[in-house]
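Remarks on the structure that follows.
Quantities reported herein were computed from a predicted structural model and do not represent experimental measurements. The residues of the chain are indexed from 1 along the displayed sequence.
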Amino acid sequence: MNNHLILLGDSIIDNNPYVRGTDLPVEKHLKKMLPDWSIEKRAIDGSVIEDVINLQLRDLKKGSPIALSAGGNNLLKSSGIIQDDAKMTFNQVMKTLKPVIESFEKDYENLLNRIQSPALCFTIYNPAFHHYDDTNFMSPYQEACEVTVNIFNDIIQRLVLKNGFDLLELRALFTEKNDYANSIEPSHQGGEKIAKFITHWLS
C-alpha cells in the first residue's frame, strides 16, 4: 500500500462548505493526522453514486487506498416517499420503496465493481433533524428516516462484504449533536471522528 489516500464520494467527506473559522473539514483533519501521506480529495458535495462513477473514478492511482462515502444523496432524492402522509399499509409502503431499493443496489454494486484498490466504505448515518430542524419541517420524519437508512445500509454492508472491502459504520460514530454541522452534514467534530477512523484503518 502506498502513501497516497484517495477520498471519493459526497459531502460526508467534502464537508468543506459546512465548517467555519478555525474548524477543519475531513480533508484537513487527515492532513494533520497523516503528515507523511498525500491526500487526494475527489469527493464533491452533492454527489450521487452515478456522479462518483462518472466523475471521480477516472485514472485512479493503482494500489492507493480509498475512502468512499456514497449513497446518502440518493436517499435524499427519494425523501418525498418518506414525507408522503398518504395512508398506506406497510405492504404498500414497501412496494413503493422497492424500485428505489433495487436501483440503489444496482448502482452501488456497479460502483464497488469498479474499485480495484483497498477501500474503506462508509455506511449512511442517521440525520439529525430532531436537533437542527427549527422549523419542524423534517423533525416528524426522523424515525421514518432512521428506519429507511437501515434498509439501505443493509445493502451497503452486504455489497461491501461481498467485494472484500472494509466498512466504517457511521451510525456508531455519529452519536452526538456536535458531530453534525446541521441536520445532515458533518461538523469539525464529526469530520475529526471520520479522519481518526481512516487513520486507524490505514495503520
Side-chain angles (χ1 to χ4, degrees), residues 5-15 26 30 41-57 60 64-82 93-129 141-175 179-180 183-186 190-191 193-202:
L5 173 66
I6 301 173
L7 307 176
L8 302 178
D10 50 33
S11 62
I12 305 306
I13 290 176
D14 181 28
N15 66 324
V26 172
L30 284 167
K41 182 179 71 66
R42 297 189 177 196
I44 300 174
D45 179 20
S47 295
V48 295
I49 296 171
E50 187 177 5
D51 295 327
V52 179
I53 293 172
N54 293 335
L55 302 175
Q56 299 180 29
L57 295 182
L60 286 179
S64 295
I66 290 169
L68 168 68
S69 171
N73 287 315
N74 294 72
L75 266 68
L76 281 177
K77 288 181 178 294
S78 303
S79 61
I81 296 174
I82 297 172
V93 172
M94 291 299 101
K95 284 184 176 180
T96 303
L97 267 176
K98 185 178 180 182
V100 179
I101 293 169
E102 290 175 341
S103 176
F104 182 92
E105 181 164 6
K106 180 181 177 182
D107 290 345
Y108 198 84
E109 185 165 29
N110 185 22
L111 170 58
L112 293 190
N113 286 340
R114 293 167 182 262
I115 295 176
Q116 304 298 322
S117 298
L120 177 66
C121 304
F122 301 4
T123 61
I124 302 166
Y125 58 46
N126 291 321
F129 297 128
Y141 305 104
Q142 177 71 30
E143 292 181 355
C145 287
E146 291 180 9
V147 172
T148 307
V149 165
N150 288 343
I151 295 171
F152 287 88
N153 275 332
D154 176 71
I155 295 170
I156 291 174
Q157 290 165 343
R158 286 190 290 104
L159 293 179
V160 169
L161 180 64
K162 176 184 174 182
N163 283 270
F165 297 130
D166 295 314
L167 189 75
L168 168 52
E169 176 51 84
L170 286 180
R171 287 171 297 180
L173 208 63
F174 277 57
T175 57
D179 294 331
Y180 299 82
S183 58
I184 59 172
E185 307 294 351
K193 286 184 175 183
I194 291 172
K196 284 181 178 178
F197 195 100
I198 294 173
T199 300
H200 176 74
W201 173 68
L202 291 172

Using a 6.0 Å cut-off, check whether atom CD of Glu169 has over 12 heavy atoms from anything other than its own residue. yes

Does a sphere of radius 6.0 Å around CD in Glu102 hold more than 12 heavy atoms from other residues, nucleotides or ligands, not counting ones at 6.0 Å or beyond? yes

Between [atom1] on residue [X] and [atom2] on residue [Y], distance to nearest 0.5 Å:
X: Ser103; Y: Asn74; atom1: OG; atom2: CG; result: 7.5 Å
X: Asp51; Y: Leu57; atom1: CG; atom2: CG; result: 11.0 Å
X: Leu7; Y: Leu120; atom1: CG; atom2: CG; result: 10.5 Å

In Asp10, Val52, Leu168, the residue satisfying side-chain contact (heavy atoms from CB on, under 4.5 Å) with Leu68 is Val52

For Ser11, check side-chain contact (heavy atoms from CB on, under 4.5 Å) against everything at least two apart and list the hits. Tyr18, Asp45, Glu185

Return the set of residues passing side-chain contact (heavy atoms from CB on, under 4.5 Å) with Phe165 (not counting sequence neighbours), or none when no residue passes. Leu112, Ile115, Ala119, Cys121, Val160, Asn163

With side chains defined as the heavy atoms from C-beta onward, is the minimum distance between Leu60 and Arg114 less than 4.5 Å? no

Using modelled atom types and a 3.5 Å cut-off, is there a donor and acceptor pairing between side-chain atoms of Tyr125 and backbone atoms of Thr175? no

Can you name the nearest heavy-atom pair linking Trp201 to Pro118, along with the distance? CH2-O, 3.9 Å

Qualifying salt bridge (Lys or Arg N to Asp or Glu O under 4.0 Å) pairs, either residue in residues 148-160, two or more places apart: Glu105-Arg158, Asp154-Arg158

Applying side chain to side chain contact (heavy atoms under 4.5 Å, CB included), run through Arg171 and Asn150 and close with a yes or a no. CA-CA 10 Å; Arg171 287 171 297 180; Asn150 288 343; 2.6 Å; yes

Side chain to side chain contact (heavy atoms under 4.5 Å, CB included) between Ile194 and Phe122, intermediate numbers included: CA-CA 10 Å; Ile194 291 172; Phe122 301 4; 3.8 Å; yes

Please state whether the rings of His200 and Phe197 are parallel, tilted or perpendicular, taking 30° and 60° as the class boundaries. perpendicular

